[in-house]
Amino acid sequence: MNLITKQEALSNLKRYINEDLFELAKQFNITTFIDNKQNKGWKGLLLERLAGLDNNSIKATNGEDFELKSVAFYYVKKKLVPKETMAITMINPIEFINTPFFESPCWHKLKSIIFCAVSWHGMHVPKSHLLKVDEIILPEDSKLIQEVKSDYEFIRNKLISNGFSSLTGKDGKWIQARTKGSGHGSISRAFYARKSFIEEILN
DNA sequence: CCATGATCATTA
DNA sequence: TAATGATCATGG
């Protein structure tokens with residue numbers, strides 16, 4: 001166990017802005033590529049280490065009271081935009097049905113995050129730099145969060161009436177319930193933040 | 001084996 | 001290029 005405060009994690013990470021993440025991964029002995037296959041989580045794992053956290057796979061938050069997230073950015077028409085959606089947390093169907101939004105793991109992970117932007121230079125390209133580190137606080141009563149809550153409740157109602165397998169990434173304005181799992185037939189799902197949501201919280 | 005960290009592949 | 005579904009390496 002290695003508890004660290006949000007502010008400590010922030011300042012730890014900021015020391016690495018503009019550093020080459022691939023070089024740092026080597027120093028921390030984090031696997032990036034093996035036989036042309038990428039460890040898709042390497043950037044996230046590395047950032048946890050840079051923040052001073054232990055790598056783990058517990059469902060709870062990473063540190064004291066915050067969540068560390070990273071998103072790859074790339075240029076579209078000379079503008080830096082998020083390349084991918086952002087995974088928030090896994091969905092446990094039973095828990096989901098019985099949990100209001102503001103008590104859900106989904107909300108707890110969203111409300112206090114440390115956001116890391118990393119650069120992306122193409123498929124299978126190991127080069128990546130840490131672009132910026134931001135602290136993001138989402139107020140409960142903001143319009144955005146109220147709309148996220150609506151998405152959550154909509155998806156929850158769909159689960160209740162149509163079943164877990166009816167959930168699809170098409171639903172939700174800001175967040176979605178997409179498939180995510182170990183592959184090979186797994187049908188587990190997770191909450192994802194849409195790209196528009198990522199851009200929204202960055203302003 | 002599976003949850004977690006996400007990215008990769010495919011289709012439109 | 002955007003959106004959605006499928007997949008990968010790791011640690012417990």
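In the text below, chain A, chain B and the rest are named by the order of the sequence lines, each starting its count at 1. Computed from a prediction, not measured in an experiment: that's the story for all the values here.
Of the candidates B/dG5, C/dA2, C/dA6, the closest approach to any side-chain atom of A/K195 belongs to C/dA2. In the set C/dT10, B/dA6, B/dC8, B/dC8 carries the atom at the smallest distance from any side-chain atom of A/W120. Residue A/N39 has its side chain nearest to B/dG5 when only B/dA9, B/dG5, B/dT7 are considered. Checking C/dT4, B/dG5, B/dC8 against the side-chain heavy atoms of A/K69 singles out B/dG5 as nearest.
Under the 3.5 Å distance criterion, with hydrogens and angles disregarded, no donor-acceptor pair is assigned to the side chains of A/E103 and A/W107. A/T168 and A/R178 share no donor-acceptor pair across their side chains, judged by distance under 3.5 Å alone.
The CD atom of A/Q176 lies 8.0 Å from the OH atom of A/Y192; values are rounded to the nearest 0.5 Å. In this structure, A/Y16 OH and A/L24 CG are separated by 6.5 Å, a value rounded to the nearest 0.5 Å. Distance check, rounded to the nearest 0.5 Å: CG of A/N98 to CZ of A/R156 gives 8.0 Å.
At a cut-off of 3.5 angstrom, the base of B/dC8 holds at least one donor-acceptor pair with the side chain of A/E84. Put simply, the side chain of A/K180 and the base of C/dA6 share no donor and acceptor less than 3.5 Å apart. Between the side chain of A/Y192 and the base of C/dA3, no donor-acceptor pair under 3.5 Å is found.
Taking atom CZ of A/F22 as the reference point, atom C1' of B/dT7 lies 16 Å away to the nearest angstrom. Per the geometry, CD1 belonging to A/I175 stands 17 Å off P belonging to C/dA3, to the nearest Å. In this structure, CG of A/L46 is placed 13 Å from P of B/dT7, rounded to the nearest angstrom. For the pair A/R189 CZ and B/dT4 P, the computed distance is 16 Å after rounding to whole Å. Between A/F191 atom CZ and B/dT4 atom P there is a gap of 13 Å when expressed in whole angstrom units. Nucleotide C/dA2 holds its C1' atom 19 Å from the CZ atom of A/F197, rounded to whole Å. To the nearest angstrom, P of C/dT1 lies 14 Å from CG of A/L80.
Using a 4.0 Å heavy-atom distance criterion, A/Y74 is classed as a sugar-phosphate-only contact. When heavy atoms are screened at a 4.0 angstrom cut-off, A/W42 is found touching no nucleic acid atom at all. Within the nucleic acid shown, A/A190 has no heavy atom closer than 4.0 Å to any nucleic acid atom.
The shortest distance between the side-chain N/O atoms of A/T179 and the OP1/OP2 oxygens of C/dT4 is not below 4.0 Å. Between C/dA3 and A/T85, no contact under 4.0 Å exists linking OP1 or OP2 to a side-chain N or O. Phosphate contact (OP1/OP2 of C/dT4, side-chain N/O of A/R194, threshold under 4.0 Å): present. Regarding contacts with the backbone of B/dG5, a side-chain N or O of A/K109 is found under 4.0 angstrom from either OP1 or OP2.
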- Item | Evaluation steps, side-chain hydrogen bond (donor to acceptor under 3.5 Å, both in side chains), between A/S112 and A/K6 | CA-CA 9 Å; A/S112 179; A/K6 187 175 183 182; 2.7 Å; yes

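Toward the 5' end of DNA chain B, the nearer of the two residues A/F33 and A/G41, judged by each one's closest nucleotide, is A/G41. Comparing A/K40 and A/D171, the nucleotide of DNA chain C nearest to each residue sits closer to the 5' end for A/D171. Comparing A/G169 and A/Y75 by the nucleotide of DNA chain C that holds the closest heavy atom to each, the one mapping nearer the 5' end is A/Y75.
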